[in-house]
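One structure below.
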Amino acid sequence: MLDRDGKPVPDAVVVVYPGAAAGAPPGLLQSNPTIEQEKMRFVPAVTVVLPGSTVRFTNQDRWDHHVRGAPAGLPPNPASAVDPNNGFELRLSGKADGKPANFADVKLDTAGVVLLSCHLHGSMRGHVFVTDSAWTLKTDSDGIARFAGVPDGAAQVRVWHAEQLVDLPRKALNVVPGPVLDTVQLSVVPRVRRGPAAPSANTSGGPMGGYGQGPGVGAEQVAHRH
């Protein structure tokens with residue numbers, strides 16, 4: 001993905017749906033990844049998993065955090081804390097000096113996008129993309145997702161980005177032997193994260209962070225290699 005100034009944008013999710021039988025699914029994704037709460041951020045900001053994966057949330061900060069998860073586009077539902085597919089809420093105590101970080105595990109069984117936030121720190125935001133295709137990657141620092149071994153023939157491509165308010169329709173793609181480069185136009189560029197503020201003795205729950213909105217139009221670059 002490129003912004004209007006031609007700079008690459010990482011962390012867009014690219015999903016390929018091969019039309020032909022793809023054999024054994026590719027091992028592109030971690031089965032049980034860890035998301036850190038560190039310096040007032042979810043790290044990584046976007047995590048991609050397959051349904052049935054267990055995600056571990058770990059608090060590396062010295063102050064307490066919540067982990068509030070809700071289907072993207074819907075408000076959090078604390079009443080459904082025991083149902084990760086409809087929303088969940090956890091609280092993780094801050095990390096004490098010389099002690100292991102506190103953590104909690106959540107299993108995600110249903111495909112969809114989960115918005116992550118912290119009740120104590122409104123600037124914190126992240127996403128878990130639970131994909132319905134094993135052929136899924138995030139764009140790298142060059143704004144490109146590279147797939148190897150995609151079966152020849154008709155395929156479909158879906159592109160998702162956290163700042164794309166309206167989902168783009170799937171795009172038809174014909175995979176042929178050799179590199180295939182495809183570009184998908186987006187209507188946004190990512191928000192620019194500000195650095196975490198310094199801790200304040202007058203701020204309960206730790207320091208507060210923030211985001212700034214970037215202007216412009218981006219274009220997604222997707223490389224499919226056979």
Do the non-hydrogen side-chain atoms of W63 and L120 ever get within less than 4.5 Å of each other? no
Is there a donor-acceptor contact under 3.5 Å from the side chain of D140 to the main chain of D142? yes
Exam field: side chain H161 to backbone E163, donor-acceptor pair closer than 3.5 Å: yes
Just by modelled atom types, is the A111 backbone N or O under 3.5 Å from a matching donor or acceptor in the D132 side chain? no
For T136, which residues count as a side chain to side chain donor-acceptor pair (under 3.5 Å) partner, sequence neighbours excluded? T131
Where do A148 and W135 come nearest, in terms of heavy atoms and distance? O-CZ3, 3.4 Å
Evaluate the side-chain proximity of S117 to R125: yes if any heavy-atom separation is below 4.5 Å, no if none is. no
Which residues pass the side chain to side chain contact (heavy atoms under 4.5 Å, CB included) test with N174, sequence neighbours left out? V176
Using atom types as modelled and distance alone, determine if a side-chain donor or acceptor of D109 lies under 3.5 Å from a backbone N or O of P51. no
Under the side chain to side chain donor-acceptor pair (under 3.5 Å) test, residues paired with E38 that sit two or more places apart: none
Can you tell me which residue among V114, L90, V67 is in a side chain to side chain contact (heavy atoms under 4.5 Å, CB included) with V106? L90
Any donor and acceptor pair, going by atom type alone, linking the side chain of N59 with main-chain N or O of N102 inside 3.5 Å? no
Would you compute the distance between atom CD of Q156 and atom OG of S133 and round it to the nearest 0.5 angstrom? 10.5 Å
Determine whether a donor-acceptor pair (N or O, by modelled atom type, separation under 3.5 Å) exists between the side chain of T139 and the backbone of A12. yes
F103: partners by ring pair (Phe, Tyr, Trp, His ring centres under 6.0 Å), with sequence neighbours left out: none
Keeping to residues at least two apart or across chains, list the side-chain hydrogen bond (donor to acceptor under 3.5 Å, both in side chains) pairs with something in residues 24-37. E36-Q60
Would R62 and K95 satisfy side chain to side chain contact (heavy atoms under 4.5 Å, CB included), going step by step from the backbone distance to the final call? CA-CA 5 Å; R62 292 181 289 105; K95 186 179 184 299; 5.6 Å; no
Evaluate the side-chain proximity of D152 to P177: yes if any heavy-atom separation is below 4.5 Å, no if none is. yes
Should the pair F42 and F57 be assigned to parallel (<30°), tilted (30 to 60°) or perpendicular (>60°) ring geometry? perpendicular
Quick one: list whatever passes side chain to side chain contact (heavy atoms under 4.5 Å, CB included) with L28, sequence neighbours left out. P26, L137, F147
